[in-house]
**Student:** 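Structure in structure tokens, see below.
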Amino acid sequence: MDERLLVNQLKQGDETAFKTIVDTWQDMVYNTALGIVQNAEDAEDIAQEVFVQVYQSVNSFKGDSKFSTWLYRITITKSLDHERRKKRKKRFAFVKSLFGDESEVVVHPPDFNHPGVVMDKKEDAAALFNAIGQLPENQRLAFTLHKVEGLSYQEVSEVMRTTVSSVESLMHRARINLKKILEVYYKEKD
Amino acid sequence: MMSKKTIEGKIERTLESLDGMQRATPQPWFFTRVKARLQREERSVWESIGSFLSKPAVAMAGLGLILILNLFVLFKQDNLHEATNVANQPVQLSDSESILASNSSFDYENVQP
């Protein structure tokens, strides 16, 4: 399957090319979104949004990077936007609840269980995802792309438009921060 | 109470818990849902234009703009009419000029008694 040919066909409005693109990259887009937002419904919603944008703005893809890199960037942008919207909603609901309006109660989501994790590691993975959610944005993205999507440091640097050494540094700091967060978590649990 | 070593071991195990994980996949018929969303979004562009125009503030502003344009065109036409009328009217002469003209015409008419 030639990536460039598919993109050119989609630029000409070929529906079959669009179906092939969706079928080929839907798991990658969904899994990335799921790793960031840690909610299956939201990830499905974001994945749909990503492919709608791909259909509508494929002409803006010039082929400077790999098609998958472009897809990763759209997915990350959409996922972060989604998170910000959700946080704004939560803050608004909290402020409303302060003024006595109980119609929107702030709900704390349960631990996230990624469906791709091996059964005997589910509990540890849930604790790790909870800790990943507390990392600064760049560290979280680098860690998620590397660990959840299995991208190499080189690929992560291309997606994040940075250097390999920056990714190495982000990963190093992410590990240190995760250790601190998990230490507090296990001490509190004890 | 867990010892420091036990906690460290747990942390290391937790950090490695994502190793060898599989990719998550969306629910079946994902493409069908994307297509449906695409159609919904294309329709909603027109719907959003319609709903924007039907907002009371926008509708009133539009109506006001149309009225202002009408008044502007109306005044413009009045001015144009006035200018045309002035141009078509015969030249008004002053009293002295008309007397002179009258005399002159009399003189011409009565050249021969």
Side-chain angles (χ1 to χ4, degrees), chain A residues 15 18-23 26-35 40 43-45 47-56 114-118 120-132 143-144 146-150 174-175 178-187 189-190, chain B residues 1-70:
Chain A
E15 292 282 321
F18 183 53
K19 188 178 184 318
T20 311
I21 285 172
V22 174
D23 288 345
Q26 61 181 27
D27 293 355
M28 181 196 93
V29 169
Y30 176 75
N31 192 51
T32 307
L34 185 64
E44 159 89 26
D45 204 41
Q48 286 180 19
E49 267 184 46
V50 169
F51 285 108
V52 166
Q53 186 171 335
V54 166
Y55 187 84
Q56 288 171 341
H114 192 287
V117 175
V118 190
D120 62 329
K121 290 180 179 173
K122 289 258 181 213
E123 204 185 323
D124 290 339
L128 182 56
F129 270 113
N130 184 39
I132 292 170
F143 197 86
T144 305
H146 179 62
K147 287 283 183 183
V148 179
E149 256 301 291
R175 267 187 87 85
L178 285 173
K179 277 182 180 176
K180 283 181 193 165
I181 297 165
L182 288 170
E183 193 179 342
V184 174
Y185 169 77
Y186 282 121
K187 276 183 179 166
K189 208 179 165 197
D190 190 21
Chain B
M1 177 116 183
M2 277 192 279
S3 67
K4 200 177 175 196
K5 206 172 176 183
T6 316
I7 289 177
E8 276 173 7
K10 268 182 169 279
I11 290 169
E12 282 306 317
R13 211 182 57 209
T14 305
L15 284 172
E16 285 162 14
S17 62
L18 299 186
D19 293 352
M21 70 183 288
Q22 302 284 311
R23 249 186 190 164
T25 55
Q27 297 290 313
W29 311 110
F30 179 74
F31 179 71
T32 312
R33 292 195 295 282
V34 172
K35 282 288 289 177
R37 191 178 186 132
L38 203 56
Q39 281 163 0
R40 234 176 18 241
E41 294 223 344
E42 277 168 4
R43 216 174 33 233
S44 72
V45 171
W46 292 107
E47 279 170 8
S48 59
I49 292 170
S51 66
F52 174 74
L53 291 176
S54 63
K55 276 183 184 171
V58 178
M60 291 305 284
L63 197 68
L65 191 71
I66 290 168
L67 280 174
I68 289 167
L69 279 173
N70 273 325

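Every chain is numbered from 1, with letters handed out A, B, ... down the list of sequences.
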**Student:** Measuring heavy-atom distances to chain B, does A/Asp23 have an atom under 4.5 Å in its side chain, in its backbone, in both, or in neither?
**Tutor:**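 The side chain, not the backbone.
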**Student:** Below 4.5 Å from any heavy atom of chain B, which atoms of A/Val148 appear? Answer side chain, backbone, both or neither.
**Tutor:**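 It is both, since atoms from each part get that close.
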**Student:** In terms of heavy-atom proximity below 4.5 Å to chain B, should A/Val117 be classed as side chain, backbone, both, or neither?
**Tutor:** both
**Student:** Which atoms of A/Leu178 are under 4.5 Å from chain B, going by heavy atoms: the side chain, the backbone, both sets, or neither?
**Tutor:** side chain
**Student:** Below 4.5 Å from any heavy atom of chain B, which atoms of A/Tyr55 appear? Answer side chain, backbone, both or neither.
**Tutor:** side chain
**Student:** Tell me, with the steps shown, if A/Gln48 and A/Glu44 meet side chain to side chain donor-acceptor pair (under 3.5 Å).
**Tutor:** CA-CA 6 Å; A/Gln48 286 180 19; A/Glu44 159 89 26; 2.7 Å; yes
**Student:** Under a 4.0 Å threshold between the charged nitrogen and the carboxylate oxygen, would B/Glu16 count as salt-bridged to A/Arg175?
**Tutor:**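 Here A/Arg175 does not pair with B/Glu16 in a salt bridge, since their nearest N and O are not under 4.0 Å apart.
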**Student:** Nearest heavy-atom pair of A/Phe129 and A/Gly35: which atoms, and what distance?
**Tutor:** CE2-O, 4.3 Å
**Student:** Can you tell me which portion of A/Tyr185 sits under 4.5 Å from chain B's heavy atoms? Options are side chain, backbone, both or neither.
**Tutor:**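 Neither part; nothing is under 4.5 Å.
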**Student:** Which one of B/Glu42, B/Arg33, B/Glu12 has the most heavy-atom pairs closer than 4.5 Å to chain A?
**Tutor:** B/Arg33
**Student:** Give the minimum heavy-atom separation between A/Leu34 and B/Ala24, together with the two atoms involved.
**Tutor:** CD2-CB, 3.5 Å
**Student:** Taking atom CD1 of B/Ile7 and atom NZ of A/Lys179, what is their separation to the nearest 0.5 Å?
**Tutor:**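 That separation rounds to 14.0 Å.
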**Student:** Out of B/Glu8, B/Lys4, B/Met21, B/Lys35, return the one with the most heavy atom pairs under 4.5 angstrom to chain A.
**Tutor:** B/Met21
**Student:** Relative to chain B, which of A/Gln56, A/His114, A/Glu15, A/Glu183 shows the most heavy atom pairs under 4.5 Å?
**Tutor:** A/His114
**Student:** Is a salt bridge present between A/Asp45 and B/Arg37, judged by a nitrogen-to-oxygen distance below 4.0 Å?
**Tutor:**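 Result for this pair is yes, salt bridge flagged.
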**Student:** Quick one: does B/Leu18's side chain get under 4.5 Å of A/Ile132's, heavy atoms only?
**Tutor:**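 With C-beta onward as the side chain, the pair touches.
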